[in-house]
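Everything on this sheet refers to the single structure shown next.
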Amino acid sequence: MPRLSEVIAALENLWPAEWAESWDAVGTVVGDPDQEVTRVLFAVDPVQEIVDEAVKLGADLLVTHHPLYLRGTTTVAATHFKGRVVHTLIKNDIALHVAHTNADTADPGVSDALAGALDLRVVRPLVPDPSDPHGCRGLGRVCELDHPLTVRELAARAAERLPATAQGIRVAGDPEAVVRTVAVSGGSGDSLFDHVRAAGVDAFLTADLRHHPASEAVAHSPLALLDAAHWATEWPWCELAASQLDEISDRNGWDLRVHVSKTVTDPWTAHAASTTSS
């Protein structure tokens with residue numbers, strides 16, 4: 001069985017820490033480099049429900065997309081919910097490793113997995129990483145459809161292919177407009193509107209779109225917006241990452257058991273559709 005340090009080295013080769021944004025907190029949060037790893041669980045959020053799942057599974061390593069402590073802390077006391085996560089991990093000899101914006105910009109990365117879930121053909125990064133001479137890494141992806149769909153049909157495909165959430169898919173723009181090219185960005189994407197407009201795509205699928213940026217975007221051009229739940233747009237990466245680690249395990253003869261959590265950790269739990277008042 002490999003040691004944690006060996007598995008982490010493989011993960012850091014996939015998603016080097018230097019690819020992360022300066023404000024981000026990536027890397028190993030908890031774990032003894034010398035401990036053996038036999039079972040790994042991938043998930044989006046390092047919340048108690050996921051940690052409890054890792055305990056039940058008998059995992060030695062939990063890999064999440066979102067950081068546990070993004071802005072640092074002065075305590076890991078179990079009186080706080082994040083402290084309880086740390087205590088549970090340590091008591092059960094489970095390591096925690098985070099790949100966040102370094103996985104967003106990777107090739108393949110979070111947006112590639114999102115595009116793959118929707119059967120979109122990736123053409124190029126939406127925001128290329130200038131440090132990549134091959135022009136493959138960067139934030140978001142510009143994609144093409146195999147055949148045109150209406151905005152309504154594309155939204156229905158997203159609702160069917162992405163994990164189910166209370167939010168579903170919100171649409172801004174003409175539902176009957178024809179879509180041939182799509183920009184996608186897993187997670188919060190309304191800071192990318194300038195790049196989306198410059199790409200000249202017909203639609204933009206992302207998450208966490210706010211009122212004013214979305215209103216300005218559709219007023220500026222015929223661009224259609226598809227707003228999915230943040231968790232749902234990033235969950236496909238867990239399956240991609242798990243398959244990458246499976247391949248590494250096979251190549252090295254590690255015989256790791258690699259799992260993907262299907263627990264929905266999107267914070268929104270219900271949706272009440274608006275009704276027309278008389």
Side-chain angles (χ1 to χ4, degrees), residues 19-21 23-24 65 100-132 134-159 161-162 165 167-237 240:
W19 292 354
E21 298 290 335
W23 50 263
D24 205 0
H65 182 51
H100 192 209
T101 53
N102 49 333
D104 287 333
T105 61
D107 172 38
V110 171
S111 292
D112 294 288
L114 174 58
L118 301 176
D119 281 341
L120 303 175
R121 184 173 69 85
V122 172
V123 177
R124 63 183 184 276
L126 177 62
V127 187
D129 186 332
S131 70
D132 177 18
H134 304 291
C136 296
R137 289 193 287 103
L139 291 175
R141 295 294 185 266
V142 175
C143 308
E144 294 178 345
L145 289 128
D146 287 339
H147 59 273
L149 295 174
T150 65
V151 172
R152 189 187 305 278
E153 289 169 333
L154 180 59
R157 177 187 289 190
R161 303 287 182 82
L162 296 180
T165 61
Q167 174 180 318
I169 310 294
R170 298 190 300 177
V171 173
D174 180 4
E176 304 309 321
V178 175
V179 177
R180 294 178 176 85
T181 56
V182 187
V184 300
S185 180
S188 303
D190 64 13
S191 65
L192 303 176
F193 275 132
D194 287 345
H195 299 280
V196 172
R197 283 191 285 267
V201 294
D202 302 314
F204 180 35
L205 189 151
T206 188
D208 295 342
L209 292 180
R210 295 169 295 161
H211 175 89
H212 292 295
S215 178
E216 292 170 5
V218 295
H220 190 277
S221 72
L223 177 70
L225 305 178
L226 291 84
D227 183 42
H230 188 121
W231 173 85
T233 63
E234 294 179 331
W235 184 85
W237 171 80
L240 169 64

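Since this is a predicted model, take the numbers as computed values, not measurements.
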Is a donor on one side and an acceptor on the other found under 3.5 Å between the side chain of [X] and the backbone of [Y]?
X: Asp202; Y: Arg180; answer: yes
X: Gln167; Y: Asp227; answer: yes
X: Asp112; Y: Val110; answer: no

Compile the donor-acceptor pairs under 3.5 Å between side chains in residues 213-224 and protein atoms, sequence neighbours left out, one pair per line.
{"from": "Ser221", "atom 1": "OG", "to": "Leu223", "atom 2": "N", "distance (Å)": "3.3"}

- What's the spacing between Ile169 CD1 and Arg152 CZ if we round to 0.5 Å?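 One finds 14.5 Å between CD1 of Ile169 and CZ of Arg152.
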- Message: Show, in sequence, the C-alpha distance, side-chain angles and deciding distance for Asp24 and Thr101, and conclude whether the side-chain hydrogen bond (donor to acceptor under 3.5 Å, both in side chains) test is met.
- Response: CA-CA 7 Å; Asp24 205 0; Thr101 53; 2.5 Å; yes
Of all heavy-atom pairs between [X] and [Y], which one has the smallest distance, and what is that distance?
X: Ser131; Y: Arg137; answer: OG-NH2, 3.4 Å
X: Leu162; Y: Ala117; answer: CD2-CB, 4.2 Å
X: Gly186; Y: Ser111; answer: N-OG, 3.3 Å
X: Leu209; Y: Arg170; answer: O-NH2, 3.3 Å
X: Leu226; Y: Ala203; answer: CD1-CB, 4.0 Å
X: Cys143; Y: Leu120; answer: CB-CB, 3.7 Å

- Query: Using 30° and 60° as the class limits, which term best fits the ring planes of His65 and Trp237: parallel, tilted or perpendicular?
  - Reply: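 Tilted.
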- With side chains defined as the heavy atoms from C-beta onward, is the minimum distance between Leu139 and His195 less than 4.5 Å?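 Not in contact.
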- Message: Going by side chain to side chain donor-acceptor pair (under 3.5 Å), name the residues that satisfy it together with Asp208, two or more places apart in sequence or in a different chain.
- Response: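 Asp208: side chain to side chain donor-acceptor pair (under 3.5 Å) contacts with Ser188, His230.
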- Message: Exactly one of Leu126, Leu114, Val122 should register a side-chain contact (heavy atoms from CB on, under 4.5 Å) with Arg141. Which one does?
- Response: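 Result: among Leu126, Leu114, Val122, Val122 is the only option passing the side-chain contact (heavy atoms from CB on, under 4.5 Å) with Arg141.
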- Item | Residues, nucleotides or ligands: over 12 heavy atoms within 6.0 Å of Arg161 CZ |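 Yes, CZ of Arg161 has more than 12 neighbouring heavy atoms, counting only those of other groups under 6.0 Å.
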